[in-house]
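Notes for the one structure printed next.
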Amino acid sequence: GEGGAGAAAGGGGVGELFSAEVEGLISFGDGFSVPLSYAYDPAWVLPFTLHALRSGAMESRDCVAWGFLSLALAATSSADAGMRTVAYAVLAATAEACAIGVSFREVSQVTSLITAVRNAVPLSEPLRRMPTATAVLAAEAAAAALHPAGEMYVPLQRVVLRRAALDTDALPVGFLSMLNGGGRGGRSGGDGGGVMSSRWEARALRVWVLRLLLASLRGGPEDARLFRKAFTVEVLMSHRSAALSADPYARQLALAVV
């Protein structure tokens, strides 16, 4: 429910469902590692979501808050064409429900995200497989959309809504710069507490990006190509990510990506 979406907005979320497969790489007692057997099966959940939206049994905001939209966005990177068919149908049904159903405060963020994803899919290839990095980022953006107070809300909005269509030929713009705390929303104060909060937010953002990078390598060579184009390994190993050396957990995640 709302609690699960809130956790996603704070740095967990759908990316963790992907990361669960790499058991041992992110199991450091942070409470996010879950056995894969406990993950929901999208082959059942997505058709259920599609039927619920089309029948009016589920409102569009509930679809977002319960994580179903995030799951559909993540499933656009599936290697299975049938899975992608249902996933794109859920996106269309959610957009329609947003247009004709009960309105809610964050509806513009949700519809803008869906539009950016759909604009990235050429008409000649309506079931195009999204790069995992793009799909997971969009899934996290959907989870964060209902939580403007979350640490990841502003960075995600900036990355996702920067263009009319999500980039499927490269890692998201400015993504790697977040490793150094760049792109934060910036809720800092003028006292020591504000400085401490900024440091914590920078660390949370860094770990969140590393987890998404790790989750984004599930698709094999096609996904790895985007990492090569962005010189991701070099960035992680360079002095620009020196902050990783002071954070054992982030350093382990970076090594796992490499």
With rounding to the nearest 0.5 angstrom, report the [atom1] to [atom2] distance, [X] to [Y].
X: Phe227; Y: Leu213; atom1: CZ; atom2: CG; value: 5.0 Å
X: Leu53; Y: Phe48; atom1: CG; atom2: CZ; value: 9.0 Å
X: Leu212; Y: Thr132; atom1: CG; atom2: OG1; value: 11.0 Å
X: Asp167; Y: Leu226; atom1: CG; atom2: CG; value: 8.5 Å

(message) So, using side-chain contact (heavy atoms from CB on, under 4.5 Å) as the criterion, who are the partners of Ala79 when residues are at least two apart?
(response) none

(request) Tell me, please, which residues at least two apart from Val102 pass side-chain contact (heavy atoms from CB on, under 4.5 Å). (result) Glu59

(request) Check whether any side-chain N or O of Thr168 sits under 3.5 Å from a backbone N or O of Pro131 as a donor-acceptor pair, and report yes or no. (result) no

Shortest non-hydrogen contact from [X] toward [Y]:
X: Ala138; Y: Leu166; value: CB-CD1, 4.1 Å
X: Pro148; Y: Ala145; value: CD-O, 4.5 Å
X: Leu210; Y: Ala250; value: CD1-O, 3.4 Å
X: Asp169; Y: Lys229; value: O-NZ, 2.6 Å
X: Ser78; Y: Arg129; value: O-CG, 3.7 Å
X: Phe68; Y: Leu46; value: O-CD2, 4.3 Å

(request) For Val136 and Ser77, run side-chain contact (heavy atoms from CB on, under 4.5 Å): C-alpha distance rounded to whole Å, both residues' side-chain angles, the deciding distance at 0.1 Å, then the answer. (result) CA-CA 8 Å; Val136 172; Ser77 67; 5.6 Å; no

(message) Checking Arg54 now: which residues fulfil side-chain hydrogen bond (donor to acceptor under 3.5 Å, both in side chains) with it, not counting sequence neighbours?
(response)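 Arg54 satisfies side-chain hydrogen bond (donor to acceptor under 3.5 Å, both in side chains) with no residue once adjacent residues are dropped.
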
(request) Check the hydrophobic clustering (I, L, V, M, F, W, Y; side-chain heavy atoms under 4.5 Å; chains of links allowed) and say if Val258 and Leu217 are grouped together. (result) yes

(request) Say whether Val207 and Leu255 are linked into one hydrophobic cluster, either directly or through other cluster members, by side-chain heavy-atom distances under 4.5 angstrom. (result)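 The answer is no; the residues belong to distinct hydrophobic clusters.
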
Show the atom names and distances, to 0.1 Å, of all donor-acceptor pairs under 3.5 Å that link a side chain in residues 109-125 to residues at least two apart or in another chain.
| residue | atom | partner | partner atom | Å |
| --- | --- | --- | --- | --- |
| Gln109 | NE2 | Tyr153 | OH | 2.7 |
| Thr111 | OG1 | Val107 | O | 2.9 |
| Thr111 | OG1 | Ser108 | O | 3.1 |
| Ser112 | OG | Ser108 | O | 2.7 |
| Thr115 | OG1 | Thr111 | O | 2.8 |
| Asn119 | ND2 | Thr115 | O | 3.3 |
| Asn119 | ND2 | Ala164 | O | 3.0 |

Result block: side-chain N/O donor-acceptor pairs under 3.5 angstrom for residues 87-98, not counting sequence neighbours:
| residue | atom | partner | partner atom | Å |
| --- | --- | --- | --- | --- |
| Tyr88 | OH | Arg128 | O | 2.7 |
| Thr94 | OG1 | Val90 | O | 2.8 |

(message) Within the structure provided, determine whether Leu73 and Leu69 are in side-chain contact (heavy-atom separation under 4.5 Å).
(response)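 Result yes, sub-4.5 Å side-chain heavy-atom pair found.
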
(message) Are the side chains of Phe104 and Leu146 in contact, using a 4.5 Å heavy-atom criterion?
(response)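 Yes. Closest side-chain heavy atoms under 4.5 Å.
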
(request) Applying salt bridge (charged side-chain N to carboxylate O under 4.0 Å, His left out), name anything that partners Glu106, two or more places apart in sequence or on another chain. (result)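 Applying salt bridge (charged side-chain N to carboxylate O under 4.0 Å, His left out) to Glu106 gives Arg61.
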
